Protein chains: 2
Amino acid sequence: MSRRSGVLEFAVLGLVRESPMHGYELRKRLNTSLGVFRAFSYGSLYPCLKTLVQQGWLAEEPGGDPGDPRGTPLSNRRAKIVYRLTAEGKERFEELLSQTGPDAWEDEHFGVRFAFFGQTSRDVRMRVLEGRRSRLEERLAKMRASMARTREKLDAYTLELQRHGMESVEREVRWLNELIESEREERDRRDQRDRGDTTT
Amino acid sequence: MSRRSGVLEFAVLGLVRESPMHGYELRKRLNTSLGVFRAFSYGSLYPCLKTLVQQGWLAEEPGGDPGDPRGTPLSNRRAKIVYRLTAEGKERFEELLSQTGPDAWEDEHFGVRFAFFGQTSRDVRMRVLEGRRSRLEERLAKMRASMARTREKLDAYTLELQRHGMESVEREVRWLNELIESEREERDRRDQRDRGDTTT
DNA sequence: TCGTTCATGTAACGCGTTACATGATTGC
DNA sequence: GCAATCATGTAACGCGTTACATGAACGA
């Protein structure tokens, strides 16, 4: 069955979709370009690429550097393998993009989801953002409850740690609120335009 | 060799040190009391307890609930196992506490370290805080560099994600600055007192 | 008595890393 | 020629989770 839910699969599909790449470069992009992804090692990346090829979502293409203008592969100028997204792979990626279940709200997953928001419908975006927000609010509630229960018994450092932790979560909630608000505004503005914009 | 570096071991030793406990309660404390620890499952906790006993750091004690006043175990009123820290366990914990190497600065580890700061010398505290800070500053530098390189090519969402990520890190750096500053002040005040406080 | 929570454990698996092995290409 | 870095891969292991199994104690 190979649940293969992983963040890696998602990120790889999304990155390769933007432009074909070989593994080594893919890894750099995971670290830097999309700043928030964690640094996966080759030990995870290459096996993952293999299975994605097996699934038929990626296709291997031997050949020169895709970003390299001096075309003419004089003989077989490199053992590079360039991966590109197949039609099925694109479908798969879109399927992953459209999922708005609880998985999409977890810390790791959410980061990737957000990074690919540009390729998503506003509906999905709002659902993911709102899901994430309510998840964080649940977490906040628990933290507050636990703090109320244990406040007096804890030393200054533990307390400070909890305080800072809570503040971080609260801060992310505010961030989400802004994002949701701006999505809403955009949507409303668009609706108005579509209806003929009679009110001004 | 069983490197057993894990956060779990550290947290368990620290919690059991405060007061003997059985596994089930230990787990609740990992989730809530020390708010920041992640929620370990029993599947990790119980095996961990076992190995800690094997190492001689914890001792099992059958018997009633430690926080239960009605002593008299009528027959053998429960299959509970209460764990307490042995002398070697205390030594081990102190050894872990005194480590100021790079491990102590990693995200997960740092949280636990901080939670037990109350049991640490100011020297160690400052080293850990400063280590953590410089690690975050390295990270910031990388993020800034990467953003400078890729700014134009990225869509609004990716950019926003990076911006928010950077702001989070910057915020933690400010937090650390305050903590370090207050540690420094306390130290200076103490030094002054010890020297006779001639200047006023 | 019957469901819930307390309490302990294990086996299979997921997902990733580390350390290792290999070799081509580039720049000095 | 030689070092650095680009580039691809694998085997062993670490560390944790899920799902399962078991049973005592408690409250309605």
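Not measured: the values here are computed from a predicted model. First the proteins, then the strands, lettered A, B, ... as listed; each starts at 1.
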Does a side-chain N or O of B:Tyr42 approach OP1 or OP2 of C:dT8 to a distance below 4.0 Å, or not?
no
Rounding to an integer number of Å, can you tell me how far B:Phe40 CZ sits from D:dG14 C1'?
13 Å
Identify whether any heavy atom of A:Gly23 sits under 4.0 Å from a base atom; if not, whether one sits that close to sugar-phosphate; answer base, sugar-phosphate or nothing.
sugar-phosphate
Side-chain atoms of A:Ser44 come closest, of C:dT17, D:dT17, D:dT8, to C:dT17
Phosphate oxygens OP1/OP2 of C:dT8: is one of them under 4.0 Å from a side-chain N or O of B:Tyr24?
no
Any non-hydrogen side-chain atom of A:Leu96 less than 4.5 Å from a side-chain atom of A:Arg92?
yes
Proximal nucleotide (of D:dT10, C:dG9, D:dT8) relative to the B:Ile81 side chain
C:dG9
Below the 4.0 Å mark, does D:dT17 have OP1 or OP2 next to a side-chain nitrogen or oxygen of B:Ser41?
yes
What pairs with B:Thr86 under side-chain hydrogen bond (donor to acceptor under 3.5 Å, both in side chains), at least two apart in sequence or on another chain?
B:Glu88
Report the nucleotide, chosen from D:dA7, D:dG9, C:dA7, that has the shortest atom-to-atom distance to any side-chain atom of B:Tyr46.
C:dA7
If I take atom CZ in residue A:Arg27 and atom C1' in nucleotide C:dT18, what distance separates them, rounded to the nearest angstrom?
12 Å
side-chain N/O A:Lys28 vs D:dA7 OP1/OP2, d < 4.0 Å
no
Check the distance between D:dC6's C1' and A:Leu45's CG and give it to me in whole angstrom.
14 Å
Hey, would you say the B:Trp57 and B:Phe10 ring centroids sit under 6.0 Å apart?
no
A:Lys80 NZ to C:dA24 P, in whole Å, measures 15 Å
Distance check needed: D:dC15 P versus B:Glu106 CD, whole Å only.
14 Å
B:Trp175/B:Phe114 aromatic ring centres below 6.0 Å:
yes
Give a yes or no on whether the ring-centroid distance for B:Tyr157 and A:Phe116 is below 6.0 angstrom.
no
Which whole-number value in Å describes the distance from A:Asp103 CG to C:dG14 P?
15 Å
Whole-Å gap separating P (D:dT8) and CD (A:Glu60)
10 Å
Taking only the side-chain nitrogens and oxygens of A:Lys50, find out if one of them lies under 4.0 Å from OP1 or OP2 of D:dT10.
yes
A:Met21 atom CE is separated from D:dA7 atom P, nearest whole Å, by 13 Å
